[in-house]
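Here the structure comes first, spelled out in structure tokens, and everything after it is commentary.
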Amino acid sequence: MLKKVQLFESLNEEQLQHILSIADKQIFSASTVLFHENDPGDTFYVLLKGSIKIFTRGSTGEEKVLSIIGAGESFGELSLLDGRPRSASAQTLEPTTVLSVHAKPFLELLRQQFDITRHIMAELCRRLRDTNQHVYDLTFLDARTRVLKNLILLANRHGQRSGSIITIRIPLNYDELAQMAGVPKQTLAQVLRDLQDRLILNVGANDYTLDLSRLNG
């Protein structure tokens, strides 16, 4: 399982055993909050199975989903690197298995394994680019385009493709999809209804299916 994690893909057997020796395997049920925004950050996580939503809350309590973490990805490293409180909250979307590494062995691992350090730096750079792109989208793209782009991004990162059909098996409700796209829930519902009428999108109980062959129709 560790070999499927991007951070660890270049490590040999001995190095992987070292990871296991400093990590704890934890299993969480759906809707479990691993940490809250502004909590002290003392643990780094690698997602082995399931999915996690990273989100913040505004002053009035409204939720904003920032990203969805899938199997093989990592999260929670930012607070360990800069020593500041958590910048967002993390909650499981389904039964989830993670490896957790506490701050001291995590920082020691970064000193010993440059490949892991390089991967984490690349991941932080990717998130910064995603943030910049999201700001651009909110500024210049209309609501319909933002919804479509968000669905395609989810398909690229979490979908399974068979020909022109991509199935996204992430248990996101309409509220969470609207938050990710930065649109009102009513607007999201209108766009999804239009996509379903045109047979581009099918919304199942626990998944979304995109037909790319109809997307440009």
Side-chain angles (χ1 to χ4, degrees), residues 6-7 33-41 43-47 50-93 117-159 166 168-195 200-201 203 208 210 212 215-216:
Q6 186 179 19
L7 283 179
V33 176
L34 275 63
F35 54 79
H36 290 93
E37 185 177 0
N38 296 319
D39 281 351
T43 307
F44 165 74
Y45 297 92
V46 176
L47 185 55
S51 55
I52 299 278
K53 72 172 178 179
I54 306 297
F55 67 97
T56 62
R57 290 194 185 277
S59 58
T60 58
E62 75 276 10
E63 185 178 297
K64 168 63 177 176
V65 177
L66 302 177
S67 64
I68 302 298
I69 305 296
E73 297 183 272
S74 59
F75 61 101
E77 66 276 65
L78 199 58
S79 290
L80 275 65
L81 294 173
D82 66 10
R84 302 182 65 183
R86 298 289 192 188
S87 59
S89 303
Q91 181 178 353
T92 61
L93 291 171
T117 304
R118 179 173 56 83
H119 276 302
I120 287 179
M121 291 171 62
E123 173 62 17
L124 294 177
C125 289
R126 183 192 67 78
R127 293 179 195 171
L128 178 59
R129 292 178 186 274
D130 286 350
T131 299
N132 291 340
Q133 186 62 53
H134 187 61
V135 171
Y136 175 91
D137 291 349
L138 291 176
T139 304
F140 297 107
L141 298 184
D142 62 77
R144 177 185 174 82
T145 303
R146 293 204 300 272
V147 172
L148 280 169
K149 183 173 182 179
N150 195 67
L151 286 172
I152 291 171
L153 287 174
L154 284 174
N156 286 339
R157 292 193 64 189
H158 305 287
I166 298 182
I168 310 166
R169 290 188 175 90
I170 293 183
L172 291 174
N173 58 40
Y174 274 23
D175 285 327
E176 292 161 335
L177 281 174
Q179 293 155 19
M180 290 190 69
V183 300
K185 184 178 177 179
Q186 182 180 2
T187 301
L188 173 78
Q190 291 173 346
V191 174
L192 295 186
R193 189 161 49 246
D194 176 59
L195 293 175
I200 295 172
L201 178 72
V203 180
Y208 301 85
L210 275 173
L212 299 182
L215 197 55
N216 295 320

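Residue numbers count from 1 along this sequence. What you are looking at is a predicted structure, and each value in this text was computed from that prediction instead of being measured.
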Query - Pairwise side-chain contact, H158 with E73, heavy-atom cut-off 4.5 Å (strictly under) - result: yes
Query - Distance in Å, L34 CG paired with T43 OG1, rounded so as to fall on 0.5 Å steps - result: 9.0 Å
Query raised in the report: Counting only heavy atoms not in E62, do more than 12 sit closer than 6.0 Å to its CD atom?
Result: yes
Query raised in the report: Does CZ belonging to R118 count more than 12 external heavy atoms closer than 6.0 Å?
Result: yes
Query raised in the report: What distance do F55 atom CZ and E63 atom CD have between them, rounded to the nearest 0.5 Å?
Result: 5.0 Å
Report summary line: Heavy-atom closest pair (R127 atom, S74 atom, distance to 0.1 Å) is NH2-O, 2.8 Å
Query raised in the report: Taking all non-hydrogen atoms of both residues, which atom of E176 and which atom of P171 are closest, and how far apart?
Result: OE1-O, 3.9 Å
Report task. Looking only at non-hydrogen atoms, find the nearest pair between T56 and A88 and report the distance. Result -> CG2-CB, 3.8 Å
Query raised in the report: Which heavy-atom pair separates L78 from S87 by the least distance, and what is that distance?
Result: CD2-OG, 3.9 Å
Query raised in the report: Any donor and acceptor pair, going by atom type alone, linking the side chain of R146 with main-chain N or O of A181 inside 3.5 Å?
Result: yes
Query raised in the report: Run the side-chain contact (heavy atoms from CB on, under 4.5 Å) check on N150 and D137 step by step: do they pass?
Result: CA-CA 10 Å; N150 195 67; D137 291 349; over 6 Å; no
Query raised in the report: Going through the checks in order, is the salt bridge (charged side-chain N to carboxylate O under 4.0 Å, His left out) test met by E37 and R86?
Result: CA-CA 5 Å; E37 185 177 0; R86 298 289 192 188; over 6 Å; no
**Report entry** Flag side-chain contact, heavy atom, 4.5 Å: D130 against R126
**Finding:** yes
**Report entry** Beyond-backbone contact of I200 with L210, side-chain heavy atoms, under 4.5 angstrom
**Finding:** yes
Query raised in the report: What is the distance from atom CG of L141 to atom NZ of K149, rounded to the nearest 0.5 Å?
Result: 6.0 Å
Query raised in the report: Taking the six-membered ring for Trp, are Y45 and F75 parallel (under 30°), tilted (30 to 60°) or perpendicular (over 60°)?
Result: parallel
Query raised in the report: Between NZ of K53 and CG of L66, what distance do you get to the nearest 0.5 Å?
Result: 10.5 Å
Query - Minimum side-chain heavy-atom gap L153-M180 below 4.5 Å - result: no
Query raised in the report: Rounded to the nearest 0.5 Å, what separation is found between the CG atom of L151 and the CG atom of L201?
Result: 6.0 Å
Report summary line: Taking every heavy atom of V183 against every heavy atom of A143, the minimum-distance pair comes out as CG1-CB, 3.7 Å
Query raised in the report: Looking at CG of L93 and CD1 of I170, how far apart are the two atoms once the value is rounded to the nearest 0.5 Å?
Result: 7.5 Å
Query raised in the report: Judged by modelled atom types alone, do Q179 and D175 share a side-chain donor-acceptor pair under 3.5 Å?
Result: no
**Report entry** L81 side chain reached by I120 side chain, heavy atoms, under 4.5 Å
**Finding:** yes
Requested in this report: Check whether any side-chain heavy atom of L195 sits under 4.5 Å from a side-chain heavy atom of V203, and report yes or no.
Outcome: no
Query raised in the report: Do L192 and Y174 have side-chain heavy atoms sitting under 4.5 Å apart?
Result: yes
Requested in this report: Work out which heavy atom in G50 is nearest to a heavy atom in L47; give both atom names and the distance.
Outcome: O-CD2, 3.7 Å
